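See structure below.
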Amino acid sequence: MSEQQAEVTTDYEPRIVAFLCKWCSSAGSDLAGVSRIQYPSNATPITVPCSGSVSPMYILSALKKGADGVLVSGCHIGDCHYIEGNYLARRKIHLVKELLGFVGVEQDRFRMSWVSAAEGAKYSQVIKDFVEDLRPLGPQTKLKADRS
Amino acid sequence: MINIQDMRDTARDLLAKNEVRAVIGYRRGSSGMNAEPVVITDAAQADELVWDPTCFHNLALYLVEDRKFLAHTRAKPGLPIAIVAKGCDARAIVVLMQEHYFKREEVYIIGMSCEGTGVLDERKLASQGIQASNAAFDGDDYVFTTAQGEKRIAAREVMADRCLECRIPYPREHNVVLGEDKTGRVLAEPFAALKRFEERDAAERWIYWERQFDRCIRCFACRSVCPMCFCDECVVDSISFPVTAQTTAEEKANRVRWIERSAVRSENITYHMTRAMHLAGRCVDCNECERVCPVNIPLRLLNNKMEREAREQFGYEPGASIGAPALVASFLDNDPEKFIR
Ligand code: SF4
Ligand code: SF4
Ligand code: FES
């Protein structure tokens, strides 16, 4: 149905769920906004207390609900408000990424970045790149729940 | 080689001297060749215990059951509980202690070295066309009792893959141990099946797993048999959502359900991905989940993938030491981060 249509028409717009740490990346995305930096509107931001609080369950759930890509973005190493949350996130997310890749889900559907509150420009670049990398992959159907 | 009588004597002594309140071990099953788990509480029962190539069950599961039972009945544990443990079982016990499920002094580990062998893979035996009523260890061989008489086979021909690949076939954590430490015996290269599988490209891998996940009937046998799946409430169940007469349909519809219980592909995948994540750094490769799966889902591949990742990327070995932190609750400064922008 709509998925097939999206594949044949060229106006497929990837949908991204972005889990943003409230201390950095979320503020970074705000900065991109108030600085009036133009970037694609494909990402739905979800503010989380820390990148370390992102459970693999969130990622799987987003993909299950039809996200084409998932981004987890946190503070730079050394800058986590909770000291080590982003170190833990780095490890956990490496594992999720490897696992999804192992069962054959395109690894490019999943991304992590460090974006500080001052890096509005970097945030917009991360989203731009992600959208461009997702486009050739087409809609994500592997993990999506069949609600028909 | 281990003398079964030594194991029985150890159990008998412990119970007779009132050092433990029970011994978890194996006895002859009531049908066929396979041993079955048993809990004995009386020294006179010690002669029921067996030790043979069909002792594949990971008995650490029953330590978890015991703990749950104690919590449920609010009983004081009192004396420790003894358990017969192979190398993998002992590692499972260590993981449970790492996670403070119980304390070291609450468990008495009767370690059993696998020496030059390990446990049987029933599928391999069946494919050799052998139907046996009994199995026994004999050096590096297994001896089966069949209708045609005794049949001797080199253990490595019918051993479980995980035993062939086992790096430490010895329960390092123990109170007493039977058999020699043959760590370093190399019977097969670890992660062999995983390596073979990874030669396929992503599209082929998906076709393979899609089929596997479609077949899962969500009986949860894999979860029930795993000593690491000890949560009172699994993320799959969400039983703590209280439904009362006042609960509105909207509340019921809006409660968080990470995974539906229906056995459809998307939910099955989410279940198995979540399970693999929850077992990363904890799974001891006892392969019980794959053995009990009624539809033969290759769960070991998934678990092995995580195990090798933990080992190669983070230098982590599950069940190596009681004091070690959990894989996902620790980090190293040089953890891989090439994938991060
Ligand atoms: S993988 Fe096998 S054992 Fe586990 S729930 Fe599915 S069918 Fe049952
Ligand atoms: S996941 Fe399977 S192999 Fe790993 S500890 Fe649990 S039952 Fe054993
Ligand atoms: S507070 Fe931003 S990653 Fe931990």
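Quick caveat, the model's predicted, so the values are computed rather than measured. All values below were derived from every heavy atom in this structure, side-chain atoms included, with hydrogens, water molecules and symmetry-related copies excluded. Below, chain A is the first sequence line, B the second, and so on; all start at residue 1.
Applying a 4.5 Å heavy-atom cutoff, the residues of residues 320-329 of chain B that approach chain A are B/Leu327, B/Val328, B/Ala329. Using non-hydrogen atoms only and a strict 4.5 Å limit, no part of residues 220-229 of chain B faces chain A.
Heavy atoms closer than 4.5 Å to chain B are found in the side chain of A/Lys64, but not in its backbone. When heavy atoms are compared at a cutoff of 4.5 Å, B/Trp209 approaches chain A solely by way of its side chain, counted from C-beta outward. With a threshold of 4.5 angstrom between heavy atoms, A/Val115 does not approach chain B through any atom at all. Looking at B/Asp201, there are no atoms closer than 4.5 Å to chain A (heavy atoms on both sides), in backbone or side chain. With a threshold of 4.5 angstrom between heavy atoms, A/Leu63 does not approach chain B through any atom at all. Only the side chain of A/Arg111 comes within less than 4.5 Å of a heavy atom of chain B; its backbone N, CA, C and O stay farther away. Only the side chain of B/Glu198 comes within contact range of chain A, with heavy atoms under 4.5 Å apart.
By the side-chain hydrogen bond (donor to acceptor under 3.5 Å, both in side chains) test, B/Asn303 pairs with no residue at all, sequence neighbours left out. Residues that satisfy the side-chain hydrogen bond (donor to acceptor under 3.5 Å, both in side chains) test with A/His76, not counting sequence neighbours, are A/Glu119.
Between B/Leu302 and A/Val103, some side-chain heavy-atom pair lies under the 4.5 Å cut-off. The shortest side-chain heavy-atom distance between B/Phe339 and A/Ile93 falls under the 4.5 Å cut-off. Looking at B/Ile340 and A/Trp114, their side chains come closer than 4.5 Å, going by heavy atoms from C-beta outward.
With ring centers used as reference points, B/Phe197 lies under 6.0 Å from A/Phe102.
Residue B/Phe331 holds its CZ atom at 8.5 Å from CG of A/Asn86, rounded to the nearest 0.5 Å. Rounding to the nearest 0.5 angstrom, the gap separating the OH atom in A/Tyr87 from the CG atom in B/Asp333 is 5.0 Å. The CZ atom of B/Phe314 lies 4.5 Å from the NE2 atom of A/His94; values are rounded to the nearest 0.5 Å.
B/Lys305 places no side-chain N or O within 3.5 Å of a backbone atom of A/Glu98 that could act as its donor or acceptor partner. Of the possible donor and acceptor atoms, none in the side chain of B/Arg265 sits under 3.5 Å from a partner among the backbone N and O of A/Lys142.
The choice from B/Leu194, B/Val264, B/Thr270 that makes the most heavy-atom pairs within less than 4.5 Å of chain A is B/Thr270. In terms of heavy-atom pairs under 4.5 angstrom with chain A, the leader among B/Glu260, B/Glu267, B/Glu210 is B/Glu267. Ranked by heavy-atom pairs shorter than 4.5 Å toward chain A, the options B/Ala203, B/Ala280, B/Pro336, B/Ala310 are led by B/Pro336. In terms of heavy-atom pairs under 4.5 angstrom with chain A, the leader among B/Gln313, B/His272, B/Glu337, B/Glu204 is B/Glu337. Ranked by non-hydrogen atom pairs under 4.5 Å with chain B, the options A/Arg91, A/Gln125, A/Arg90, A/Met57 are led by A/Arg91.
For B/Lys103, the NZ atom counts as loosely surrounded, since its 6.0 Å shell holds 12 or fewer non-hydrogen atoms of other residues, nucleotides or ligands. In A/Arg15, the CZ atom is not crowded: 12 or fewer heavy atoms of neighbouring residues, nucleotides or ligands sit closer than 6.0 Å.
Between the side chains of A/Ser73 and B/Arg341, no donor-acceptor pair is found at a separation under 3.5 Å.
For B/Arg205 against A/Gly101, the heavy-atom pair with the smallest separation is NH2-O, 2.9 Å.
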